[in-house]
Amino acid sequence: MEALDWIVIGVFSFALIGIIVWVLKQKQNNSADYFLGGRDATWIAIGASIFASNIGSEHLIGLAGAGASSGMAMAHWEIQGWMILILGWVFVPFYSRSMVYTMPEFLERRYNPQSRTILSVISLISYVLTKVAVTVYAGGLVFQQVFGIKELWGIDFFWIAAIGLVLITALYTVIGGMKSVLYTSVLQTPILLLGSLIILVLGLKELGGWDEMIRIAGATTVNEYGDSMTNLIRSNGDPDFPWLGALVGSAIIGFWYWCTDQFIVQRVLSGKNQKESRRGAIFGAYLKLLPVFLFLIPGMIAFALHQKTGSFLPFMDNGIHNADAAFPTLVTKLLPAGVKGLVVCGILAALMSSLASLFNSSAMLFTIDFYKRFKPKTSEKKLVIIGQIATVVIVILGILWIPIMRNVGDVLYAYLQDVQSVLAPGIAAAFLLGITWKRTSAKGGMWGLIAGMVIGLTRLGAKVYYSSAVSPDENIFKYIFYDVNWLFFCGWMLLFCILVIIAVSLLTKAPSMEKIQGLVFGVTTKEQAAETRAGWNHWDIIHTCIILSITVAFYIYFW
């Protein structure tokens with residue numbers, strides 16, 4: 001890092017401070033102002049926030065590392081971002097009509113209070129133990145490598161970087177709430193895009209072009225069936241990414257994440273109307289087409305450079321190149337002064353925006369779904385204070401979990417996807433049937449969530465046990481909960497949860513039309529339908545078709 005780099009970082013910091021000061025001058029008198037930005041966000045702020053919130057450490061380290069180790073295999077999870085369109089076109093009208101703050105609150109409207117509690121607990125635990133902790137862990141790791149500092153003042157620089165990142169982000173999130181998240185994202189997103197684009201261009205220039213990357217990666221096989229690193233669709237016998245399992249599993253995880261997860265949906269709930277929310281989702285879907293090219297392909301470039309030079313990537317103690325170091329290595333070795341500072345700002349922007357969104361969503365879940373339920377007469381100003389305190393607690397829990405995360409090694413991206421593959425099916429089934437089948441009963445949705453939670457925890461427990469067991473017995477339990485490929489397991493789990501919901505719903509009392517009015521297809525008033533129709537025009541359809549066409553073209557090219 002040279003003087004020019006520090007100047008660039010300083011300018012970025014002042015711009016960020018300016019936005020936060022402006023946000024602090026806006027009135028935030030109630031919980032809607034604090035958690036949803038007053039529900040007056042425009043499509044640009046919504047789309048930018050969706051993208052900036054999504055891009056975090058799992059992309060800067062994990063996705064680039066996946067590109068350097070397994071090629072295009074993980075691209076399924078990124079290209080499934082087209083499902084943001086389902087959020088905009090299908091779910092936005094239902095969420096908007098219900099006027100809910102959180103996804104658990106929507107489930108209470110559709111099902112019962114128990115469903116709300118189950119989803120709240122699952123979401124909060126998963127945020128603290130996976131998203132917050134992993135993002136903070138990887139943030140410390142990436143800055144330690146980019147700055148090249150091992151210790152500072154006798155302290156491991158990892159801890160200084162990780163805790164410093166958390167404290168700075170938490171400060172403006174606690175004070176400014178959702179508006180801080182939304183409007184800092186408007187600054188952070190273009191910087192992140194520009195910085196990553198520079199990495200891509202300079203990486204290809206150093207390597208010798210796109211064709212050279214395809215040649216080297218295409219000559220590297222990844223399984224016994226002859227599939228190479230450039231193959232997106234791999235043999236169904238591939239132990240890690242069989243094509244059918246990858247398509248089904250990534251679709252289920254994508255549907256859960258983009259359409260039902262508080263972390264993402266909260267951006268859309270902040271829209272001033274259905275039109276802005278829908279267009280924000282479409283804009284977010286456009287931006288979500290980029291990570292494959294901005295993070296995964298640079299990982300493949302780093303791999304190709306390593307193949308050509310034999311020493312581009314650093315080596316681990318076992319003598320194998322460190323794939324997770326792909327992105328920060330490209331930053332340190334290829335970028336000139338000034339540009340390196342810009343890319344560091346992009347990395348900082350990605351980590352801060354992702355963390356800020358996590359803090360705000362987690363605080364909102366606790367405040368609205370737990371505190372307000374037990375103390376419904378709490379004033380709006382006190383709810384804001386409770387939300388700020390909850391954010392601080394979540395920050396502390398995330399930091400306390402870091403030492404455990406440091407011991408998980410190279411699991412960043414795969415770890416997240418593995419956990420999400422058993423978290424998603426039950427929740428996805430409850431939301432999907434909840435809005436498409438008016439016969440779905442309160443107990444049906446609740447037991448679908450319970451079934452998903454029990455099966456998911458069993459799968460994770462079996463994985464922990466059998467991974468460390470010496471000569472375990474072969475039995476049907478081990479086969480189902482450990483041996484079955486994680487992607488196929490995700491698909492079968494969704495089907496099972498759907499069957500549970502259908503069976504229980506048919507055996508229990510159907511919901512009244514008054515309860516599900518406006519929350520299910522076929523149970524909307526003419527006024528509600530007219531409001532939804534007024535929120536889109538032919539341009540929204542055209543942009544949707546363009547996004548879907550690009551997605552199809554991507555699959556065809558990397559087939």
Review point. Does the side chain to side chain contact (heavy atoms under 4.5 Å, CB included) test come out yes or no for D261 and M103, once each step is laid out?
Key: CA-CA 7 Å; D261 190 19; M103 292 298 92; over 6 Å; no
Exercise for review: Could you please spell out the steps behind the side chain to side chain contact (heavy atoms under 4.5 Å, CB included) verdict for W447 and I450?
Suggested key: CA-CA 5 Å; W447 280 104; I450 293 173; 3.9 Å; yes
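Although no hydrogens or angles enter the test, the distance criterion places a donor-acceptor pair under 3.5 Å between the side chain of K515 and the main chain of Y111. The closest donor-acceptor contact from the side chain of R110 to the backbone of T440 lies under 3.5 Å. Looking at S277, its side chain does come within 3.5 Å of a backbone N or O of V268 through a donor-acceptor pair. S98 places a side-chain N or O within 3.5 Å of a backbone atom of Y95 that can act as its donor or acceptor partner.
Annotation: side chain of S421 is in contact with side chain of I253 (closest heavy-atom distance under 4.5 Å). The shortest side-chain heavy-atom distance between P93 and Q274 falls under the 4.5 Å cut-off. Put simply, the side chain of W437 reaches to within 4.5 Å of the side chain of I502, judged on heavy atoms. By the 4.5 Å heavy-atom criterion applied to side chains, M83 and Y257 are not counted as neighbours. Between F51 and F283 the shortest side-chain heavy-atom distance does not fall below 4.5 Å. Between V265 and T260, every side-chain heavy-atom pair lies at or beyond the 4.5 Å cut-off. Side-chain contact between L296 and E78: absent, with no pair of heavy atoms (C-beta onward) separated by less than 4.5 Å. Considering only heavy atoms from C-beta on, W492 stays 4.5 Å or farther from I455 through its side chain.
With rounding to the nearest 0.5 Å, the separation of CZ in R97 from CZ in F106 is 9.5 Å. With rounding to the nearest 0.5 angstrom, the OG1 atom of T524 is 11.0 Å from the CD atom of E531. Here the CD1 atom belonging to I427 is positioned 10.0 Å from the CE atom belonging to M453, to the nearest 0.5 angstrom. We find the CZ-CD1 distance between F91 and I435 to be 3.5 Å, quoted to the nearest 0.5 Å. Put simply, CH2 on W258 and CG on L85 are 11.0 Å apart, with the number rounded to the nearest 0.5 Å. T544 contributes atom OG1, which lies 11.5 Å from atom CD1 of I84 (distance to the nearest 0.5 angstrom).
Taking the six-membered ring where tryptophan is involved, the planes of F366 and Y371 are tilted, since the angle between them lies from 30° to 60°.
Smallest separation of non-hydrogen atoms from S441 and P511: CA-CD, 4.0 Å. Scanning all heavy atoms of the two residues, the minimum distance from I50 to A281 falls at CD1-CA, 4.2 Å. Across every non-hydrogen atom of E276 and K272, the tightest pair is CG-CG, 3.4 Å. In plain terms, the two heavy atoms of S505 and G444 that are nearest each other are OG-CA, 3.6 Å. Counting all heavy atoms, side chain and backbone alike, M493 lies closest to V422 at CE-O, 3.1 Å. Between H543 and Y286 the shortest heavy-atom distance is ND1-OH, 2.8 Å.
For R373 and T117, the side-chain atoms include at least one donor-acceptor pair closer than 3.5 Å.
Applying the side chain to side chain contact (heavy atoms under 4.5 Å, CB included) rule to A429 yields the partners L494, C497, I498, I501; only residues at least two apart in sequence or on another chain are considered. For E108, the salt bridge (Lys or Arg N to Asp or Glu O under 4.0 Å) partners two or more places apart in sequence, or in a different chain, are R116.
The aromatic ring centres of F94 and F431 sit 6.0 Å or more apart.
No option in R533, R278, R279 other than R279 meets the salt bridge (charged side-chain N to carboxylate O under 4.0 Å, His left out) test with D540.
The number of heavy atoms from other shown groups lying within 6.0 Å of CZ (F496) does not exceed 12.
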